[in-house]
Each structure stands twice: as C-alpha cells, then as structure tokens.
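Here is how names work: the chains are called A, B, and so on, in the same order as the sequence lines, proteins then strands, and each is numbered from 1. Atoms considered below: every heavy atom in the structure, side chains included; atoms not considered: hydrogens, waters and symmetry mates.
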Amino acid sequence: MITLSDVHKSFGPNRVLCGINLSIAKGESLVIIGGSGTGKSVLLKCILGLVRPDKGIITLDGQDVTRADRDAFLARFGMLFQGGALFDSLRVWENVAFSLLRGRAALPADQAREIAIEKLRRVGLKPATADMFPAELSGGMQKRVGLARAIAAEPEVIFFDEPTTGLDPIMAGVINALIREIVVEMGATAMTITHDMTSVRAIADKVAMLHDGLIRWSGPVGDLDSTPDPYVQQFIHGRAQGPIESVR
Amino acid sequence: MIGTLQNGLAAIGRPALDGLAAIGRITLFAFSVVSHLLRPPFYPREFLTALVQIGWFSLPMVGLTALFTGGALALQIYSGGSRFNAEAVVPSIVAIGMARELGPVLGGLMVAARVASSIAAEIGTMKVTEQIDALVTLSTNPLKYLAVPRVLAATLAVPVLVAIGDSIGIMGGWLVGITRLDFNSAVYIANTVDFLEFWDVASGLVKGAVFGFIVALMGCYFGMNSGRGAQGVGAATKSAVVAASIMILAANYLLTEAFFTS
Ligand SMILES: Nc1ncnc2c1ncn2[C@@H]1O[C@H](COP(=O)(O)OP(=O)(O)O)[C@@H](O)[C@H]1O
Ligand SMILES: [Mg+2]
C-alpha cells in the first residue's frame, strides 16, 4: 500500500506537483494519464526518493519512505525508466541481471545469465540479444530490455514509465499483456504511466489523471468512459478543443 | 558608466561566490568518496577497468609530453648555464626539474585533460540519461560504483605515470645532451644518478598521487552534478578540466612549499 498526501515539488519557478493525494492498494494496477510535461515521471521519482518532494508525505505500508532503510526499501521496487536508462558499458544480459549479480544474495554469473535470458524472452527478445550492447539495439528493444531489468528481481512494486511508447502495436500488446500478467500472477503492485488508451484499458484497475499539478480525476477503469469530467473526456478522446489548452 | 562598472563587477563577483560554494560542495564530496573507500561493497571490475583506462591508455601521452619537455629543458639549461660557464649542470638540473616539478605537473595536467574530461562526460551522460537514477533503484550507490573505483585508480596510477614520465623526460634530456650538446653519454648518466636524491623523486610521486586524486574527483563531481541535456554534459566536461587544472597547479604550489622550504 502506497499513499501520497499533499506532495509538492517545484523546480525553480516551475511548479510541477502542487498537492498530490493518491493511494494504491497492494496488488492493484494504477495507471496515470496526463499530458506530457505534467509531472508524471517526477511523481514516480518522488516515491522512489530520486527526487525529494518540497512538501508532503509518502508512505509505503504506513511507513514514511524517507525514514525507511533505503536498501531494504529499494529492494522492493522495480522501475522501467522512460528512456530505458540502460547501462551502456554493460551487455544486455548484465543490465537485466544487474541486481541479481550484486548484493548479499548475489547469484553466480551463469545462473544470473539464465534468468536474464528468460526475462528477455518474456519481453519478446531473442537470446542472441543477451550479448549485445544497448547501443546496438533499437529504441523499442532498449525499452524492452529496461522492462526485463525492472522485473528481473521480481519486486513487489513495479513502476513503468511509458512502457509502450516507441513500440509497434503488436509488441505494445505483448507488453500490455505482460504487465497485466505480472500483476495477476506475481501479485505485484504496478504503477504505469502511459498516453496510450489501449494500454490503459488493458493494464489498469484504477486510473488517475494528472493535470496542473493535481490529481484531476481518479477512479476505476470502468468509470473512465462514463465520467462527465471534461478534462478526462478531452484526454481519452484526444480532442484539440476542451479545457486542456493544447498550446502549452 | 557606473551601471556598466557595476554590471561588470557583478559578472565577476557572482561566479566567485558560486565558486566558493562549489569548493565547499567539492570538499564534502571528497570526504564522502574517501569515507566509502574502505567500506564494502567493493567493485573490483570497475576498479580494474578504470585502472586500464586511466593508467595504461595515458602512457603514450605522458611519455611524449615528458620526452619533449626533457629535451627542451636540456637545451634551455645549457644556454642559461653557459652564461655562468656552468654547462655541466645540465644533467642534474634536468633530472631534478623533471622529478620534482615538470614530471608531476605536466603529467598531472595532461591526465586532467584526458581523464577528467572523459570521466565527466561519461558520468554526465549517465546522469542525463537517468542511468544514475537507475543505479539507485537497483540498490547500488552511484558514489561507490562510479566515483570510488575511478578515484582510487587515478590516485594509484598517476604516480606510476609520473615515474615513467620522469624516466622518459630524463632520457629526452640525455638524448639531446649527447646528440646536440656534445655531452659524453657516460658522464651525463653518472651526473644524473649521482646528484638525484631519493626525495627529489619521492616528492614528485606524492604530488602525482594528489594530482591523480584531484583529476578523478573533479571528473566524478562535475559528471554527477551535470546539468540536463547535451549542453549540460558539455559544461560539466569543461568545468571538470578547468577545475582539475587549477587545483593541480594550486596543490603543486602548496606541496612544494610544504616539501622544500624549511
Ligand atoms: N531534474 C529536473 N530539473 C528541472 N526540471 C525538471 C526536472 N525533471 C523534470 N523537470 C520538469 O518537470 C516537468 C515535468 O516533467 P516530467 O515529470 O518528466 O513530465 P511527464 O509528465 O511528461 O513525465 C517538466 O516541465 C520538466 O521540465
Ligand atoms: Mg515522463
């Protein structure tokens, strides 16, 4: 269970988050939607402690995340970054197995490699990619390696920042199904950022829309189409006209 | 008129204040790097990679720098010495000059240009592409994983580079001495060996270690604090080289003061 209460974050004069209140139950899949630059990535980074909120409290299972033991806390999380964020000095399999090869419960290299290849297969990549370097892969393939790395240690909570951006529709479908499967089978809690309405419907239990630094709307995915909220309606139908200014 | 003057002064004063604040942050950064040196986890593979990158691949550059410097030094000392009929001091002054000053300082500056820039650019790129954030989420301390191995490698490798540079520089002086200045090879070598003291060489090596530490520290610091985008990485790289060079020269003065005035 993750809760955010009254979370604020500004970068200089740029007020990005202005009082976010949100909660995600264990084993739930929350999808965050909202225009580009509204602070969705910043929101995830605040929870992970990569960005320090100016104000507000974030808790995991009732405990303030800033007080928790960092290593134990982070070990429960997996994150797919928007740009992949693969380590370009390491081979693909070493990226995927990064956390398996290190730390107290470090696995031997050949065993970690096997797990990495299995995770790569799950995101639709052939074993031959394991020995390549990230720079040799296309953007969509890098994204999938990032996804494999995020799920490699089988974390309890997984954050996906635009998992299907840059993928073809078929691969996007595969990834959507994979995320759903991770939530259902592994019982993981997932928080996904996406602009892709197909993804939203495939992945989400619950949807939250971020606009102007606030959670504009949140509710079960089933209520998404019937909500009268004009912001949500404009967003899900991709209309240029509406309360959300299209020139920003 | 006054306005322009004020603006001009402000343009100098603001960076000066920022510079002082940066020195404070760099000092704190240095302390945390040192404090992590002895605490596990250790990353031997990153350390070895850094050692090869910083030590081995800098050899040709340091060698060439020393060779030309030693040669030029011999010519200068010969022409300067001839004013006092003291041409015979060439071998010993070349050796002392290389070992105490030029070997470590020029070696350090060349390494600053090559290594501080590449470390800053690499770590800066990792920062702007969120790789540093990714390290954190994978329960790895970026300071330990990126900075500690590089700083340790540079601190150990640069003295060795300096020792090699000293030898090649002295050889450059000898080469010029016997080919251009009519020195007898055996006499030149005997003079070099007889007058060079242990501390002449050792002080240069200590300087080398300090300069190596400074170079890697600056590369890591500016890389990890890189601004956003390609421009941020470019600025970080430039700052790392400038800061490392100035700090090397300042540290050189302070160390010389400490070692050779009594
Ligand atoms: N490290 C940072 N420094 C300064 N500004 C930032 C930083 N990270 C994000 N921002 C700003 O915060 C805003 C939200 O960014 P982001 O969360 O990446 O948007 P998105 O919703 O598209 O993921 C943007 O205006 C961006 O410029
Ligand atoms: Mg984003």
- prompt: Taking the six-membered ring for Trp, are A:F98 and B:Y145 parallel (under 30°), tilted (30 to 60°) or perpendicular (over 60°)?
  reply: perpendicular
- prompt: Does a sphere of radius 6.0 Å around CD in B:Q231 hold more than 12 heavy atoms from other residues, nucleotides or ligands, not counting ones at 6.0 Å or beyond?
  reply: no
- request: Give the intermediate values and the outcome of side chain to side chain contact (heavy atoms under 4.5 Å, CB included) for residues A:F81 and B:T129.
  value: CA-CA 9 Å; A:F81 286 84; B:T129 55; over 6 Å; no
- line: Residue from A:F77, A:F87, A:F73 scoring the most non-hydrogen pairs under 4.5 Å with chain B is A:F87
- request: Could you pull out the closest heavy-atom pair between B:V136 and A:L74, with the gap in Å?
  value: O-CD1, 3.2 Å
field: B:L138/A:R149 under side chain to side chain contact (heavy atoms under 4.5 Å, CB included): CA gap, chis, key distance, verdict
entry: CA-CA 9 Å; B:L138 295 165; A:R149 184 174 70 184; 3.7 Å; yes
query: For B:Y253, does the OH atom have more than 12 heavy-atom neighbours from other residues, nucleotides or ligands under 6.0 Å away?
result: no
message: Between B:T140 and chain A, with a heavy-atom cut-off of 4.5 Å, which part of the residue counts as in contact: side chain, backbone, both or neither?
response: side chain
query: Should A:K45 and B:E130 be marked as a side chain to side chain contact (heavy atoms under 4.5 Å, CB included) after you check the CA-CA gap, both sets of side-chain angles, and the distance that decides it?
result: CA-CA 11 Å; A:K45 288 183 184 177; B:E130 300 181 312; 2.6 Å; yes
- request: Measure the spacing between CG of A:L48 and OG1 of B:T137 and express it to the nearest 0.5 Å.
  value: 7.0 Å
Shortest non-hydrogen separation from B:S139 to A:A75 and the atoms involved: OG-N, 3.9 Å
Side chain, backbone, both or neither of B:L135 within contact of chain A (heavy atoms, under 4.5 Å): both
- prompt: More than 12 heavy atoms of other residues, nucleotides or ligands under 6.0 Å from CD1 of A:I57: is that the case?
  reply: no
message: Ignoring hydrogens, what is the shortest heavy-atom contact between B:E46 and A:R102? Give both atom names and the distance.
response: OE2-NH2, 4.5 Å
- line: The interface call for A:L80 against chain B, heavy-atom contacts under 4.5 Å, is neither
